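Below you'll find the structure, written out as C-alpha cells, and then a few comments.
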Amino acid sequence: MRVYNFNEVVGNVSTVSVIRQSLHNGTFPHIAIFSGMHGTGKSTCAEIVSMSLTCSNTIDDNPCMSCAQCNNNLKALQNTGVSSRVSKVNVGRINKKSDMETLLKDIFDLQISEQSVVYIIEEAHALDDSQQTALLEEIDRLSSSVYIIFCTTKPTKLLRELRSRAITFNFTRLSNSEASTLFELYCTKRNITVTDNEIKEMILQYAKGIPRNIVNLIDFVCSNEFGTKTVADFLGIIDEDTFLLLFEAMKSSDMYTMISVLEDALSKNTQDTFIEQLKNFILRVLFFEEGSIVDGFNFSETERIHVIFDNHDVTRIASIIANIKYNASEAELKFKLLTVRQLLRDSNIGTVITDNKVNAIKQAKRATQISEEQENLVRRIEEPNLQPLDMDYLANI
C-alpha cells in the first residue's frame with residue numbers, strides 16, 4: 001500500500017526532513033538521485049515529491065490529494081505511470097535502442113509545459129554508459145520547470161559526470177524501533193490484529209528493516225492466518241533455543257553434542273541462513289551482556305545467557321562469529337565455532353583434544369558394555385533352559 005504523504009513515511013528521518021525543507025524553500029534539485037536498497041522508500045518518496053512539485057495547493061509540503069492535478073497524477077502513478085505533468089518509467093525494462101531514444105524524447109518534450117513537470121527514472125543503474133551520456137548531453141539545457149529523479153540501488157554504476165550534476169538522497173533500512181512502529185501503523189491502517197507477538201517478531205526479523213518486506217509479509221501471513229510454527233518454518237527462522245543449546249554444548253566438555261546440534265540446524269536451514277541468524281543472535285547477546293538491552297529475549301533465555309557467557313569476553317566471541325564468511329565451507333564454520341568453544345571453556349587446543357580423548361574413552365567403554373550386554377542376551381535366548389534328566393522320575397513313570 002503506497003503512501004502519498006511524508007507524515008506517513010516511517011524511518012529515514014533525516015533524508016525525508018531534508019527533502020521536505022527543500023520543497024518548502026523551493027530549492028529541491030532539478031536533478032536528484034534517490035539511492036538505497038530495494039524497498040527502503042525511494043520510489044515512495046519520489047512519487048510524493050513529484051506530486052508535491054506539481055500540486056497547486058500543497059499542505060505542509062505534502063500534495064493536497066484533492067485537486068484535479070493530484071487526482072490525475074495519482075491515477076497515472078497507479079496505472080500507466082504517465083500524466084500530463086508526471087511521468088515514471090522503469091528503464092530496467094528497456095532493452096531496445098529505439099525505446100531509449102523515445103524515452104529521451106519524452107523527457108525533453110515535457111519542457112513544453114510552463115508548469116513544473118517531473119520525470120522519475122526507476123532502476124537508473126540499468127542505463128549503459130552511452131545512454132547516460134545521451135542524457136548528459138541534454139541535462140545541461142533543461143528548463144527550470146523540469147525535474148528528474150533517478151532511483152537506483154547501485155549509484156556507483158551511474159557515470160561520475162551524472163552524479164556530479166545531481167544531489168543524492170540516501171535511503172537506509174529501518175531501525176528496530178522504526179520497524180516496530182511501521183508494523184503497528186500498517187496493521188492499524190489495514191485493520192489487522194496480530195495477537196501472537198512471536199509472529200510479529202519473526203516478520204520483523206525476516207524483513208531486516210526493509211519497509212516493503214514488512215508490509216508484504218503482514219499482508220501475506222495475516223491474511224492466511226498461519227500459526228506460529230508454520231510461519232517460522234516458512235520464513236526459515238531458527239528459534240532462540242537452538243542457538244542457546246549450541247552455546248551450552250560448546251561450553252561443556254562434550255563436543256559430540258555441539259556437533260549434533262549444529263548439524264541438526266544445518267539440516268533444516270541453508271548454511272547462509274544459519275550463519276546470518278547466528279550473527280544476529282550473538283549481536284543481540286553482545287548488546288544484552290554489555291548494555292543490558294534485552295531485545296526480544298525472555299527471562300529464562302536471559303538467565304541461560306548469563307550462565308553461558310558469564311565472565312567471558314563476549315566482544316571477542318562476537319568478532320569471531322562476525323568474521324564467518326557466508327560462502328564458508330562447513331569445515332570452516334565448524335573450525336570457527338571450535339575457536340569460540342575454546343574461549344567459552346577458557347581452554348587451548350591441547351585441552352580440547354584431551355577432553356575429546358576422555359569422551360572418546362568413555363564412549364568406547366560404554367559401547368563395549370552395551371556389546372557385552374547384547375551378547376549375553378543373545379546367549380540366553382539361544383541356550384534352552386534344560387534340566388538334567390532325573391532317572392528316578394523316569395522309572396516311576
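From a predicted model like this one, the values you see are computed outputs, not experimental measurements.
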If you count every heavy atom of other residues, nucleotides or ligands that lies below 6.0 Å from [X] atom [atom1], does the total exceed 12?
X      : atom1 : answer
His38  : NE2   : no
Ile167 : CD1   : no
Phe287 : CZ    : no

Are [X] and [Y] close enough that a side-chain donor and a side-chain acceptor fall under 3.5 Å?
X      : Y      : value
Ser17  : Ser14  : no
Asn25  : Ser22  : no
Asn62  : Asp60  : no
Ser252 : Asp254 : no
Ser180 : Lys200 : yes
Gln69  : Asn73  : yes
Asn7   : Arg20  : yes

hydrophobic_cluster_shared for [Y] and [X], side chain cutoff 4.5 Å:
X      : Y      : result
Val18  : Val49  : yes
Val340 : Leu262 : yes
Ile199 : Ile210 : no

Original post:
For Ser130 and Thr133, what are the C-alpha separation, side-chain angles and deciding distance, and is it a side chain to side chain donor-acceptor pair (under 3.5 Å)?
Top reply: CA-CA 5 Å; Ser130 63; Thr133 300; over 6 Å; no
Output yes when [X] and [Y] qualify as a salt bridge under the 4.0 Å nitrogen-oxygen rule, no when they do not.
X      : Y      : value
Glu332 : Lys336 : no
Lys189 : Glu8   : yes
Lys157 : Asp128 : no
Lys334 : Glu263 : yes

Original post:
What about the rings of Phe309 and Phe288, do their centers lie closer together than 6.0 Å?
Top reply: no
Original post:
Any chance the rings of Phe169 and Phe28 have centres within less than 6.0 Å?
Top reply: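 They qualify: ring centres under 6.0 Å apart.
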Subject >> Qualifying salt bridge (charged side-chain N to carboxylate O under 4.0 Å, His left out) pairs, either residue in residues 23-33, two or more places apart >> reply: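 Listed once each, the pairs would be none.
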**OP:** Kindly indicate, with the supporting measurements, whether the criterion side chain to side chain donor-acceptor pair (under 3.5 Å) is fulfilled by Glu289 and His306.
**Re:** CA-CA 8 Å; Glu289 287 290 283; His306 277 315; 3.2 Å; yes
Original post:
How would you list, by chain and number, every residue that makes a ring pair (Phe, Tyr, Trp, His ring centres under 6.0 Å) with Tyr206, sequence neighbours excluded?
Top reply: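 Counting only residues at least two positions away or on another chain, Tyr206 forms no ring pair (Phe, Tyr, Trp, His ring centres under 6.0 Å).
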**OP:** Only pairs at least two apart or in different chains count here, so list each ring-ring contact (aromatic ring centres under 6.0 Å, His included) that has a residue in residues 126-151.
**Re:** His30-Tyr147
Original post:
How about Leu245 and Arg304: do any of their side-chain heavy atoms sit closer than 4.5 Å?
Top reply: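 With C-beta onward as the side chain, the pair touches.
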Original post:
Would Thr172 and Asn12 satisfy side chain to side chain donor-acceptor pair (under 3.5 Å), going step by step from the backbone distance to the final call?
Top reply: CA-CA 6 Å; Thr172 61; Asn12 289 291; 3.3 Å; yes
